[in-house]
Amino acid sequence: MGFADQRFNVNLSILFTELPLLERPAAAAAAGFTAVELWWPWVDAPTPAQSELDALRTAITEAGVQLTGLNFYAGQLPGPDRGALSIPGEESEKFRANIDVAADFAQSLGCKALNALYGNRVDGVDEATQDALALENLVLAARAADRVGAVLLIEALNAPESPKCPIVSAPKAIEIVDKVNAATGLGNAKFLMDLYHLSMNGEDLPQVISAYADRTAHVQIADNPGRGAPGTGSLPLEELLDQLKKAGYEGYVGLEYKPGDRPSAEAFDWLPREHRAA
């Protein structure tokens with residue numbers, strides 16, 4: 001088993017970023033991958049011009065890769081923001097404006113997973129007020145995802161790097177998943193298990209897998225420390241992915257790591273080329 005038995009996709013918002021956005025799908029294909037994922041690519045535009053959406057769709061289609069995951073608008077990523085949907089005012093409004101745009105774009109490319117990042121706590125705003133707004137927006141997002149045949153992903157980040165984000169543990173993310181599913185009755189809210197973030201939180205990764213593999217619809221990996229490629233840190237990623245597989249997980253494993261001081265195309269030497277196609 002191990003890495004040879006996984007379906008990998010490349011996150012084009014953290015890898016191949018030395019290239020313009022529209023060149024990244026072809027670069028991933030040239031490296032041997034057939035599946036990609038993206039954070040929302042237009043950090044300042046929740047509703048970009050149709051021409052920009054069309055250009056990215058064409059780049060993905062012509063590269064011959066499958067888009068398997070897409071974030072809703074989440075503010076500045078990478079950067080100071082950790083999502084928008086729990087933040088009152090303009091950011092929440094941007095998230096709502098983005099919901100159908102992102103869902104329709106995903107549907108046009110057969111993408112079945114949409115990730116909704118929660119957002120930071122805001123000084124001077126009652127936490128319960130933020131959480132109520134977040135649930136309202138997550139319900140809207142879950143309904144939009146359901147409309148296009150997709151799941152809504154809820155991701156736990158890590159407290160050291162995201163100290164103002166309240167979703168910084170697997171149990172907390174699962175709590176939000178349950179609240180959304182209870183509110184919609186759709187059952188399409190699922191856990192995004194990012195092994196890097198959970199390890200940064202000091203969580204027991206084998207225990208998390210045992211507890212939540214059946215609630216998980218997407219997995220992301222990077223090694224720790226450093227958020228680099230597998231083998232650059234100390235996480236037993238092959239063993240953890242084996243455990244996930246044995247627990248019944250059959251989804252994609254997103255490569256969401258930093259390439260380091262080398263071109264992204266050189267950051268996959270840990271994975272033989274014959275195992276890169278999903």
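Values reported hereafter were calculated over all heavy atoms of this structure, with side chains retained and with hydrogens, waters and symmetry mates removed.
- Alongside Leu192, the hydrophobic cluster contains Val151, Leu153 (criterion: ILVMFWY side chains under 4.5 Å).
- A donor-acceptor contact shorter than 3.5 Å is absent between the side chain of Arg82 and the backbone of Ser162.
- The two residues Asn224 and Ser199 make their nearest non-hydrogen contact at ND2-OG, 3.1 Å.
- Residues Val122 and Pro88 approach most closely at CG2-CD, 4.5 Å, considering heavy atoms.
- A donor-acceptor pair under 3.5 Å links the side-chain atoms of Asp223 to the main chain of Ser234, judged by distance alone.
- Surrounding CD of Glu274 are more than 12 heavy atoms belonging to other residues, nucleotides or ligands, all under 6.0 Å away.
- Expressed to the nearest 0.5 Å, how far CD of Gln130 lies from CG of Asn120 amounts to 8.5 Å.
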Problem set entry | Test side chain to side chain contact (heavy atoms under 4.5 Å, CB included) applied to Leu255 and Phe268, step by step | CA-CA 10 Å; Leu255 304 181; Phe268 304 108; 4.1 Å; yes

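- The line from NZ of Lys245 to CD of Glu250 is 6.5 Å long, rounded to the nearest 0.5 Å.
- Taking CD1 of Ile99 as the reference point, atom OG1 of Thr47 lies at 12.5 Å (rounded to 0.5 Å).
- A salt bridge links Asp54 to Arg57: one of the charged nitrogens lies within less than 4.0 Å of a carboxylate oxygen.
- In this structure, Leu133 is not a member of the same hydrophobic cluster as Leu135, with clusters built from ILVMFWY side-chain heavy atoms closer than 4.5 Å.
- Counted by atom type alone, Ser13 and Glu256 present zero donor-acceptor pairs between their side chains at under 3.5 Å.
- Here the shortest heavy-atom pairing between Ala278 and Arg7 reads CB-CB, 4.4 Å.
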Exercise. Should Ile87 and Asp81 be marked as a side chain to side chain contact (heavy atoms under 4.5 Å, CB included) after you check the CA-CA gap, both sets of side-chain angles, and the distance that decides it?
Worked result: CA-CA 10 Å; Ile87 299 175; Asp81 298 330; 5.8 Å; no

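- Identified under the salt bridge (charged side-chain N to carboxylate O under 4.0 Å, His left out) test for residues 92-111, with sequence neighbours left out: Glu90-Lys94, Glu91-Lys94, Arg96-Glu136, Asp100-Arg147, Asp104-Arg147.
- Side chain of Asn9 to main chain of Ala35: no donor-acceptor pair is present (N/O by atom type, distance under 3.5 Å, no hydrogens or angles).
- Between the side chain of Arg143 and the main chain of Thr184, no donor-acceptor pair closer than 3.5 Å is present.
- At least one side-chain heavy atom of Arg227 sits less than 4.5 Å from a side-chain heavy atom of Ile14.
- Looking at Ser210 and Gln243, their side chains come closer than 4.5 Å, going by heavy atoms from C-beta outward.
- Contact check for Ile154 versus Leu138: side-chain heavy atoms found under the 4.5 Å cut-off.
- Inter-residue side-chain proximity for Leu240 and Pro206 is flagged as met; some heavy-atom pair is nearer than 4.5 Å.
- The side-chain heavy atoms of Phe105 and Leu67, taken from C-beta on, include a pair separated by under 4.5 Å.
- A search for side-chain contact (heavy atoms from CB on, under 4.5 Å) contacts involving Ala170 returns Phe191, Leu198, Glu203, Val208, Tyr212, not counting sequence neighbours.
- Within a 6.0 Å radius of CD in Glu239, no more than 12 heavy atoms belonging to other residues, nucleotides or ligands are found.
- Nearest heavy atom pair, residue Ala150 against residue Leu114, reads CB-CD1, 4.2 Å.
- Among all heavy-atom pairs drawn from Pro46 and Trp40, the shortest one is O-CZ2, 3.5 Å.
- Within the structure, no pair that satisfies the salt bridge (charged side-chain N to carboxylate O under 4.0 Å, His left out) test touches residues 42-53, not counting sequence neighbours.
- Rounded to the nearest 0.5 angstrom, Leu22 CG and Ile60 CD1 are separated by 9.0 Å.
- The stretch residues 47-80 participates, sequence neighbours left out, in these ring pair (Phe, Tyr, Trp, His ring centres under 6.0 Å) pairs: Phe72-Phe95.
- Hydrophobic clustering places Trp39 together with Trp42 (ILVMFWY residues linked when any side-chain heavy atoms are closer than 4.5 Å, directly or through intermediates).
- We find the CD-CE distance between Gln220 and Met193 to be 12.0 Å, quoted to the nearest 0.5 Å.
- A donor atom on one side chain and an acceptor atom on the other are not found under 3.5 Å apart for Gln66 and Tyr252.
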For this session: Go through the steps for Val219 and Gln6 under the test side chain to side chain contact (heavy atoms under 4.5 Å, CB included), then give the verdict.
Result: CA-CA 11 Å; Val219 171; Gln6 305 297 330; over 6 Å; no

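- A donor-acceptor pair is defined here as one N or O able to donate and one able to accept, closer than 3.5 Å; no such pair exists between the side chain of Asn158 and the backbone of Met200.
- Not a single donor-acceptor pair under 3.5 Å links the side chain of Arg276 to the backbone N or O of Phe8.
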Exercise. What do the steps show when you test Leu117 against Leu157 for side chain to side chain contact (heavy atoms under 4.5 Å, CB included), and what is the final call?
Worked result: CA-CA 9 Å; Leu117 291 178; Leu157 302 183; 4.3 Å; yes

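- In this structure, Leu235 and Leu205 have side chains that are in contact, with non-hydrogen atoms separated by less than 4.5 Å.
- Closest of all the heavy-atom pairs between Pro259 and Ser264 is CG-OG, 3.7 Å.
- Scanning for side-chain contact (heavy atoms from CB on, under 4.5 Å) contacts around Pro166 gives Tyr118, Arg121, with sequence neighbours left out.
- Between atom CZ of residue Phe16 and atom CG of residue Leu21 there is a gap of 13.0 Å, rounded to the nearest 0.5 Å.
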